[in-house]
Amino acid sequence: MTSVRDLTYRLLRQHGVTMVFGNPGSNELPFLSEFPSDFQYYLALHEGVAVAMADGYAQATGRPAVVNLHSAAGTGNGMGALANACNSHSPLLVLAGQQTRAMSGIEPLLTNLDATVLPRPLVKWSQEPTTARDVPLAINRGLHMASLPPSGPVFLSVPYDDWTAEVDPRSEALIGRQVGAAGSLDATSLDVLVKRLSEAANPVLVLGADVDACNANNFAVQVAEKLGAPVWIAPSAGRCPFPTSHSCFRGPLAAGIASLSAALKGHDLIAVFGAPVFRYHQYETGNFLPDGAQLVAIVTDPQEAARAPIGDAYVGDVRAILEALAERVPSTGRPLPAARPRPSREAEVAVRHDMLTAGSVFDIVDEIAPAGTIYVNEAPSVTSVLWERLRLEHQGSYYFASAGGLGFGMPAALGVQLAASSRRVIAIIGDGSANYSITALWTAAQYGIPVIFLIMKNGSYGALRWFANVLKADNVPGLDVPDIDFVALAKGYGVHAVQADTRDRLKHALSAALASNAPMLIEVPTVLDVPAT
Ligand SMILES: Cc1ncc(C[n+]2csc(CCOP(=O)(O)OP(=O)(O)O)c2C)c(N)n1
């Protein structure tokens, strides 16, 4: 007899899934029973860690990742992380255990009431199959749904007695089914786009995370060079879609309507690729675009295209469209914009000789870390400094929580490191943010995942201090996080850790961490430097 569980693992294999990230409970044990030896289970000690780890893995591989959560409580614990996965179009299959069908009517302990409603609106598809025999179909559908554009998380609730049920023999037909999406532009639309770009007097590109997600950074470079156009990163960037040392690179756009509009002043055509128009944060009144500017966006997500308050939009395969534009857009002969000067290191060191600044920390990291290092950032108040200082040259070099939900950085770094084993991952984490997913340290130690955690210890929720200034909200309580010993916490979870409070100690600690193949935490006391409003 073939069980639902047996066929499920075959389907997972066929989709390239051999890892399960999770935190189990009683409802999930029958799925995990006789866990196949070619699969690896990564135990996270909190569901937010499991989801964010899977998110990092799915983003870095571009393939679906499976998370196994415990009923309603486990799903609830994972939902903050699911918000980030939703915004980053991360292909996750969240598999939650349900109480047994035999008792479903009397709502026993650990029943997931209205299971399919719970994770909405953070998943694009949610189901609890009506019979055990529908489970393989639902697994297959979920994996395809997660991957099809716009990719994103999906949710499946499975009553635990289903796993040992016999499959419908016709379910064998699910094995090997290919489901794909076609998606470049039709010839007419492509002609229009080429014409608009080549006839613009002063075009600018704005690139979002989905350009990096679809491996199209090199095509974006070619388009920018042909147009001689500056390139901005869309606000609230979850990934880095353009080499930061390229002379066209201008940095991330501010996430306020007026500031963003001001930064794009003088351009007659704003071409956006792979980003919503726009993911604002702080509210500023003003026009969405500078006077005289038109906007055209190319996105994978129909919701993003439809809800944009301004400009035209095409929904399609961002990579295929950028590739076609790289080929079709004629060289304008315009000179490339001059590179922006890098901030001076010496000036900063002289001003802040008593304690390390974020700038000096990033300069040391940039100097010592090898080319191709991947950064996962969750140090909100110093994100703009990071973009100025770190060279992000390669595809897949940067990850940030796409919905701004803290607790992403540490576990996502583990998932990215598992996906990109030939590159080293450095997680740059604020001392506030570190606490949301601190148990990721245990998972790093247990599975030997060699992420380097750099804790930027400024003793405060720096970004909230900045936002309080923006809102003119004075005397707000609860904005400081003093007296946390991350070295002791890391050691408690089994991760080697040191404090580095000078440039030399940081250089030494980072070099040692890079030379070893084990996870390591470096706690760096830093100046609290709240960005100007
Ligand atoms: C789950 C969640 N809770 C709360 C917040 C609000 N929040 C945004 S930034 C921030 C402070 C982060 O502090 P820290 O990690 O020390 O970095 P810093 O801002 O000091 O660089 C908080 C609490 C959030 N974004 N996500």
Side-chain angles (χ1 to χ4, degrees), residues 46-53 55 75-88 122 235-238 252 254-256 279-283 352 355-362 365 375-390 399-413 426-441 453-471 473 476-486 489-490 521-533:
H46 185 277
E47 291 81 355
V49 173
V51 175
M53 202 173 160
D55 183 0
T75 303
N77 280 353
M79 278 181 63
L82 209 50
N84 291 322
C86 176
N87 272 12
S88 58
L122 303 176
S236 315
R279 184 100 60 210
Y280 299 108
H281 182 195
Q282 64 276 20
Y283 180 63
R352 312 269 195 175
M355 208 185 206
L356 290 172
T357 59
S360 50
V361 171
F362 296 147
V365 173
Y375 298 96
V376 179
N377 171 32
E378 194 166 275
S381 69
V382 293
T383 292
S384 54
V385 185
L386 183 153
W387 277 96
E388 280 171 7
R389 306 277 176 149
L390 292 184
Y399 297 88
F400 179 82
S402 296
L406 300 181
F408 167 84
M410 295 179 79
I426 299 180
I428 295 168
I429 311 287
D431 54 350
S433 302
N435 298 289
Y436 295 79
S437 286
I438 192 76
T439 63
L441 289 171
F453 301 96
L454 217 60
I455 306 291
M456 307 289 283
K457 187 170 169 173
N458 63 12
S460 188
Y461 283 162
L464 291 191
R465 293 203 161 279
W466 163 74
F467 216 99
N469 291 341
V470 171
L471 298 179
V476 177
L479 298 185
D480 288 322
V481 288
D483 305 328
I484 303 175
D485 183 343
F486 289 97
L489 285 170
L521 181 143
I522 306 171
E523 178 188 276
V524 190
T526 49
V527 175
L528 172 61
D529 194 359
V530 178
T533 53

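Only this structure's heavy atoms are used, side chains among them; waters, hydrogens and symmetry mates stay out. First listed ligand is number 1; within each ligand, the first listed atom is number 1.
- Take Leu471 and apply the side-chain contact (heavy atoms from CB on, under 4.5 Å) test, not counting sequence neighbours, and it matches Phe467, Ala473.
- Sorted by chain then number, the residues whose non-hydrogen atoms approach ligand 1 to under 4.0 Å are Ala379, Pro380, Ser381, Gly404, Gly405, Leu406, Gly430, Asp431, Gly432, Ser433, Tyr436, Asn458, Ser460, Tyr461, Gly462, Ala463, Leu464.
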Under the criterion side chain to side chain contact (heavy atoms under 4.5 Å, CB included), I'd like the reasoning laid out for Val365 against Ile426: C-alpha separation, chi angles, the key distance, then a yes or no. CA-CA 9 Å; Val365 173; Ile426 299 180; 4.1 Å; yes
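- In this structure, Phe362 CZ and Asn377 CG are separated by 6.5 Å, a value rounded to the nearest 0.5 Å.
- In this structure, Ile428 CD1 and Leu390 CG are separated by 5.5 Å, a value rounded to the nearest 0.5 Å.
- With sequence neighbours excluded, the residues forming a side chain to side chain donor-acceptor pair (under 3.5 Å) with Glu523 are Lys457, Gln499, listed by chain and number.
- By the side chain to side chain donor-acceptor pair (under 3.5 Å) test, Arg279 pairs with no residue at all, sequence neighbours left out.
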